[in-house]
Amino acid sequence: MEPEAATGSDRKRGSGVKLAYDVLRDEILDLVLQPGSAIDEVQLAERFNMSRTPIREALVRLAAEGLIHTLPNRSTLVAPIDFLNMHTYFDALVLMYRVTTKLAAQNHDPKDLSVIREKQQHFAAAVQAQDALAMIATNAEFHLAISEAGKNAYFTGLFKRLLDEGRRILRLYYQSYNDRLPQRFVQEHEDIIEALEQRDLDAAERLARDHAEQIVAQVQKLLVQGERLQMKI
């Protein structure tokens, strides 16, 4: 049986869900909606001038991404940031930077390098514009393009999950520079690209590690203390 065509109200609800989801997701990631703050469906319905049904559907999508939590009493909160276990997140993140970049140096093809260069151009433009959300998004796209060049879908899937989960942490990172990211971090991406082009596995891993660990160190100044876990790959 062929699926029935969407009615006008279905299309309107679908667009309403996307609008509410996109706005709320950006506000959560940009820390406009603070971790632990309450989410009120009625207020959101009034704010977006729509029924509670698309609001509820948008919240379900946000919950699936771990950005909001629904408590047993049915109240809804912006998900807190798990500062106590942040060191384990950092360990996984740095490891994925290292292993995916090293694999990309080994396995990339010319088409991969073209995509990586394009993503780097987008990141550099976001840095120039001092657009923090664009910096976060384009940085993730750059490193995921590198991961895809490494030809290991399992690593890419894990890396994407880590980058998605860490977007609010990266927002704090950019805030620490008042959204004026030093140009040297753009150059670090260029250095990584050069190592990939040369298929220099050791340099690629070292540059990726240093790039990731300076992010970790900057965030740790704001949030946490602790020893780094060292691993060989």
Side-chain angles (χ1 to χ4, degrees), residues 18 21-35 62 65-67 78-79 81-83 86 89-98 100-101 104 112-150 155-196 204 206-224:
K18 185 177 187 308
Y21 166 80
D22 287 343
V23 171
L24 293 173
R25 188 171 190 269
D26 279 349
E27 290 183 348
I28 291 171
L29 293 173
D30 203 24
L31 302 176
V32 174
L33 293 176
Q34 291 290 315
L62 293 168
E65 295 182 14
L67 293 176
V78 176
I81 297 174
D82 187 3
F83 294 123
M86 194 61 63
Y89 170 80
F90 287 148
D91 288 336
L93 183 69
V94 172
L95 182 61
M96 283 299 99
Y97 267 90
R98 292 169 59 194
T100 57
T101 307
D112 294 323
L113 287 178
S114 295
V115 173
I116 291 166
R117 290 192 191 98
E118 179 184 1
K119 301 302 184 184
Q120 167 65 352
Q121 290 174 358
H122 295 165
F123 175 72
V127 172
Q128 181 66 29
Q130 298 174 21
D131 184 337
L133 287 182
M135 283 187 256
I136 293 168
T138 55
N139 179 72
E141 290 169 1
F142 172 78
H143 288 290
L144 286 174
I146 291 174
S147 182
E148 288 169 356
F155 285 149
T156 299
L158 175 56
F159 199 17
K160 183 178 187 305
R161 173 186 166 189
L162 290 169
L163 290 169
D164 286 343
E165 289 183 3
R167 286 188 65 174
R168 288 188 292 174
I169 299 301
L170 278 178
R171 186 67 188 97
L172 292 172
Y173 170 72
Y174 290 124
Q175 280 184 352
S176 73
Y177 291 104
N178 296 316
D179 295 343
R180 298 175 184 271
L181 196 65
Q183 190 64 28
R184 71 178 185 274
F185 298 144
V186 178
Q187 184 58 47
E188 287 180 7
H189 280 191
E190 296 290 346
D191 294 341
I192 289 171
I193 293 173
E194 182 177 354
L196 297 180
R206 173 178 52 79
L207 290 167
R209 181 199 65 215
D210 293 346
H211 184 64
E213 289 193 338
Q214 62 82 15
I215 297 173
V216 171
Q218 182 70 10
V219 175
Q220 284 181 323
K221 290 179 183 178
L222 304 172
L223 303 177
V224 297

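Only this structure's heavy atoms are used, side chains among them; waters, hydrogens and symmetry mates stay out.
Expressed to the nearest 0.5 Å, how far CD of Glu148 lies from CG of Asp112 amounts to 8.5 Å. One distance of note links CD of Gln34 with CD1 of Ile81; it measures 8.5 Å at 0.5 Å rounding. Atom CD1 of residue Ile169 and atom CG of residue Leu162 lie 12.5 Å apart, to the nearest 0.5 angstrom. Note that the NE2 atom of His189 and the CZ atom of Phe123 stand 4.5 Å from one another [nearest 0.5 Å]. Separating the CZ atom in Arg167 from the CG atom in Asn139 is a distance of 10.5 Å, to the nearest 0.5 Å. Atom CE of Met135 sits about 5.0 Å away from atom CG of Asp179, to the nearest 0.5 Å.
Across Ala79 and Gly66, no two heavy atoms sit closer than the pair CB-O, 3.2 Å. Shown here for Phe155 and Ser147, the closest heavy-atom pair between the two residues is C-OG, 4.1 Å. The two residues Ser176 and Gln218 make their nearest non-hydrogen contact at OG-NE2, 3.0 Å. In terms of heavy-atom proximity, Val186 sits nearest to Ala124 at CG1-CB, 4.0 Å. Nearest approach of Ile146 to Thr101, heavy atoms of both residues: CG2-CA, 3.8 Å. Taking both residues in full, the closest heavy atoms of Arg209 and Val94 are given as CG-CG1, 4.4 Å, listed atom of the first, atom of the second, then distance.
You'll find the side chain of Tyr21 stays beyond 4.5 Å of the side chain of Leu67, heavy atoms only. Within the 4.5 Å cutoff, the side chain of Asp164 has no heavy atoms near those of the Glu65 side chain. A 4.5 Å side-chain heavy-atom check between Leu29 and Arg171 finds every atom pair outside the cut-off. Using a 4.5 Å cut-off on side-chain heavy atoms (C-beta onward), Glu188 and Leu207 make no contact. Using a 4.5 Å heavy-atom threshold, the side chains of Ile116 and Ile192 count as separate.
Classification of the Tyr97-His143 ring pair by plane angle, with boundaries at 30° and 60°, yields perpendicular. By the 30° and 60° cut-offs, the orientation of the rings of Phe185 relative to Tyr173 is tilted.
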For Val219 and Met86, what are the C-alpha separation, side-chain angles and deciding distance, and is it a side-chain contact (heavy atoms from CB on, under 4.5 Å)?
CA-CA 10 Å; Val219 175; Met86 194 61 63; 5.6 Å; no
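With hydrogens and angles ignored, the 3.5 Å screen pairs no side-chain donor or acceptor of Gln183 with any backbone N or O of Gln128. Looking only at distances, a side-chain donor or acceptor of Gln214 sits under 3.5 Å from a matching main-chain atom of His211.
Applying the salt bridge (charged side-chain N to carboxylate O under 4.0 Å, His left out) definition to pairs two or more places apart or across chains, those involving residues 115-129 are Arg117-Glu197.
Looking at Asp191 and Gln187, their side chains do bring a donor and an acceptor atom within 3.5 Å of each other.
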